[in-house]
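Encoded as structure tokens, the structure appears first; notes follow it.
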Number of protein chains: 2
Amino acid sequence: MVTVNRPEDGGGGHVCGIDTAMEVIGGKWKVLILWALHEGPERRFGELRRMVPGITEKVLASHLREMEADGIVRRVSYEEVPPRVEYGLTKDGVRLNDALEPLAAWGRERREDREREEGTGPG
Amino acid sequence: MVTVNRPEDGGGGHVCGIDTAMEVIGGKWKVLILWALHEGPERRFGELRRMVPGITEKVLASHLREMEADGIVRRVSYEEVPPRVEYGLTKDGVRLNDALEPLAAWGRERREDREREEGTGPG
DNA sequence: CTGAATCCTTTACGATACTG
DNA sequence: CAGTATCGTAAAGGATTCAG
């Protein structure tokens, strides 16, 4: 069982659900996988590997399985030769992606600001 | 320098800024600290330590400094005896917190669903 | 093609003691 | 009170190899 810290449960009223979300997207590449998955309808393993350049097969596979266990990714295996497996987002996964959008916007703005700062310079 | 993967930069149009955001909130306790910080106006070190039960001084301090370097936390030191230091969110920190809200909502919904499922049972 | 298995490195985090 | 310094552990991730 996951021990969740609830800083001010009695005071505020709303519990910090970010913990729960962070555990789901906590892996180093998970948001990227999520992103890649939301780009199109279904993605194959090798396709994902190409879409997330630095990742290794091991990490991709384990992340994928964790995300599947978390109910945000659906894995469909067509028992063919050669093997073909397709990954897609579940409804919950899509909703997670939507919930991630404001955060992505924040990150984008931030990056733009930082790039501007480099021109302005601190010294 | 941070190596940013851009899966489909040429295709989609919008770049995945979630990476940037994840690097800022990636620490195990950072969202909790953020949460604690957004609860009130200014928080002192010991106060934060109490609000985030499991955290150690070392991690709290290092996270705080990283968040300060990331420009989302402002540290005000009153050079007094005994020492007093107060932490608060910057504008960017507040905006980050706002951007985190949908994710928190997703997490809360999810938790509620899972708790319901435990009653319904999988088998 | 999709993945499992193994081994290794890195990094984050935790416990404790100490300082201005 | 508000940290820093040091040491140890655990978990995540990376490189490579092997298999169905």
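Since we're looking at a predicted model, the values are computed, not measured. Lettering follows sequence order; numbering is per chain, from 1.
We find that CG of L60(A) is positioned 14 Å from P of dA15(D), with the value rounded to whole Å. For R43(A) and dC1(C), the CZ to C1' distance is 17 Å, given to the nearest whole Å. Per the geometry, NZ belonging to K28(B) stands 14 Å off C1' belonging to dA15(C), to the nearest Å. The nearest whole Å value for the distance from the CE atom in M22(A) to the C1' atom in dC13(C) is 15 Å. Computed from coordinates, the E66(B) CD to dT11(C) P distance equals 13 Å when rounded to whole Å. Put simply, NZ on K30(A) is 9 Å from P on dA12(D), counting in whole angstrom units. A straight line from NE2 of H63(A) to P of dA4(C) spans 14 Å, rounded to a whole angstrom. Between M67(A) atom CE and dA12(D) atom P the separation is 15 Å, expressed in whole Å.
Side-chain contact between I33(B) and I55(B): present, with at least one pair of heavy atoms (C-beta onward) separated by less than 4.5 Å. By the 4.5 Å heavy-atom criterion applied to side chains, L60(A) and F45(A) are counted as neighbours. With contacts defined as side-chain heavy-atom distances shorter than 4.5 Å, the pair L64(A)/R75(A) does not qualify.
Summarising the geometry, atom CZ belonging to R110(B) is positioned 14.5 Å from atom CZ belonging to R108(B); distances are rounded to the nearest 0.5 Å. K30(B) NZ to L96(B) CG: the interatomic distance, rounded to the nearest 0.5 Å, is 10.5 Å. If you take CD on E117(A) and CD on E115(A), they are separated by 10.5 Å, rounding to the nearest 0.5 Å.
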Between the protein and nucleotides 2-5 of chain D, which nitrogen or oxygen pairs are less than 3.5 angstrom apart?
residue : atom : partner : partner atom : Å
dA2(D)  : OP1  : R44(B)  : NE           : 2.8
dA2(D)  : OP1  : R44(B)  : NH2          : 3.0
dA2(D)  : OP2  : G46(B)  : N            : 3.0
dG3(D)  : OP1  : R75(B)  : NE           : 3.4
dG3(D)  : OP1  : R75(B)  : NH2          : 2.8
dG3(D)  : OP2  : Y87(B)  : OH           : 2.6
dT4(D)  : OP2  : R65(B)  : NH2          : 2.8

